[in-house]
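To start, the structure itself, in structure tokens.
The structure displayed is predicted, hence computed values, not measured ones.
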Amino acid sequence: MRTPVLVWVWLPLSTFGVAVLSALIPVISMEVYLVGVVLHAPELPWWLLGLVVAVGQIAGKLLYFYAGRGSLPLPRLLRRKAAVRGRWAEHLDRFREQCQRRPAWSVVLLLVSATASLPPFAATSVVAGVANIAPTTFVVTGLVGRFARFGALAAAPALYLDWMT
């Protein structure tokens, strides 16, 4: 028999930890872990799990965001060489200009990426930092998109079982 402390405290806390780790280490599948939690403890509300995962994911992706901004010191191996300006620098400059001219476009791109992971949200997090998107815009759109993604995933097993019975 599971204790309420395990279900209501430790599972959400461990889910938050895995969400942060999966945001930083792409080979960790948050989706697989979340489905396991939902199947193990179906009494946990889908919205709680969606919220816990969304907050954990954004906490991890903020490291990518601030690294893209240049606010976070990176190991020497990952630092950009200041003297070299290639095609990517030109593309990023144009992207930054687009984001400044059309803030709604930036929000839509972040929202789609956070929800569908197309383009991958890890890459979008870095590019959002490089493009100087406001941190509040990044956090709010990321939370909404990640909540939509993982809330739907957490609700899916219950919806499927209700549909089958």
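Applying the ring pair (Phe, Tyr, Trp, His ring centres under 6.0 Å) definition to pairs two or more places apart or across chains, none involves residues 13-33. Pairs of residues two or more places apart, or lying in two chains, that qualify as salt bridge (Lys or Arg N to Asp or Glu O under 4.0 Å) and include a residue from residues 23-35 are E31-R149.
For the residue pair L11 and A41, the shortest heavy atom distance occurs at CD1-CB, 3.6 Å. Of all heavy-atom pairs between W47 and F147, the closest is O-CE1, 3.4 Å. When all heavy atoms of A59 and V20 are compared, the pair lying nearest together is CB-CG2, 4.3 Å. The minimum heavy-atom distance linking A19 with S22 is given by the pair O-OG, 3.0 Å. Closest non-hydrogen pair, A23 versus G56, comes out as CB-O, 4.5 Å. Taking each heavy atom of P12 and V7 in turn, the nearest pair found is CD-O, 3.2 Å.
The distance from atom OG of S106 to atom CD of Q98, rounded to the nearest 0.5 Å, is 8.5 Å. Atom OG1 of residue T141 and atom CG of residue L111 lie 6.5 Å apart, to the nearest 0.5 angstrom.
In terms of modelled atom types and a separation under 3.5 Å, the side chain of K61 and the main chain of S125 share no donor-acceptor contact. Distance alone, capped at 3.5 Å, places no donor-acceptor pair between the T137 side chain and the I133 backbone.
The side-chain heavy atoms of M30 and T15, taken from C-beta on, include a pair separated by under 4.5 Å. F65 is not listed as a side-chain neighbour of V126, based on a closest heavy-atom distance of 4.5 Å or more. Put simply, the side chain of V37 reaches to within 4.5 Å of the side chain of L49, judged on heavy atoms. P135 is listed as a side-chain neighbour of R69, based on a closest heavy-atom distance under 4.5 Å. Contact check for F138 versus L62: side-chain heavy atoms found under the 4.5 Å cut-off.
Both V35 and L51 belong to a common hydrophobic cluster when Ile, Leu, Val, Met, Phe, Trp and Tyr are linked at side-chain heavy-atom distances under 4.5 angstrom. L24 and V55 fall within a single hydrophobic cluster, where Ile, Leu, Val, Met, Phe, Trp and Tyr are joined by side-chain heavy atoms under 4.5 Å apart, directly or via other members.
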message: Pair L44, W8 - check side chain to side chain contact (heavy atoms under 4.5 Å, CB included), show working.
response: CA-CA 7 Å; L44 283 174; W8 291 97; 3.6 Å; yes
message: Assess the residue pair F121 and I58 against the criterion (side chain to side chain contact (heavy atoms under 4.5 Å, CB included)); give the C-alpha distance rounded to whole Å, side-chain angles, the decisive distance to 0.1 Å, and a yes or no.
response: CA-CA 10 Å; F121 193 52; I58 295 303; 3.8 Å; yes
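Every residue two or more places apart in sequence or in another chain was checked for a side chain to side chain contact (heavy atoms under 4.5 Å, CB included) with L118, and none qualifies. By the side chain to side chain contact (heavy atoms under 4.5 Å, CB included) test, L109 is found to be paired with F95, W105, P119, residues two or more places apart in sequence or in another chain being considered.
Counting Ile, Leu, Val, Met, Phe, Trp and Tyr side chains that sit under 4.5 Å apart, directly or through other members, V108 shares a hydrophobic cluster with V112. Through direct or indirect side-chain contacts shorter than 4.5 Å among Ile, Leu, Val, Met, Phe, Trp and Tyr, V32 is connected to no other residue.
None of V140, T124, V144, T115 except one satisfies the side-chain contact (heavy atoms from CB on, under 4.5 Å) rule with L110; the exception is T124.
Side-chain polar atoms of R146 and S117 form a donor-acceptor pair below 3.5 angstrom.
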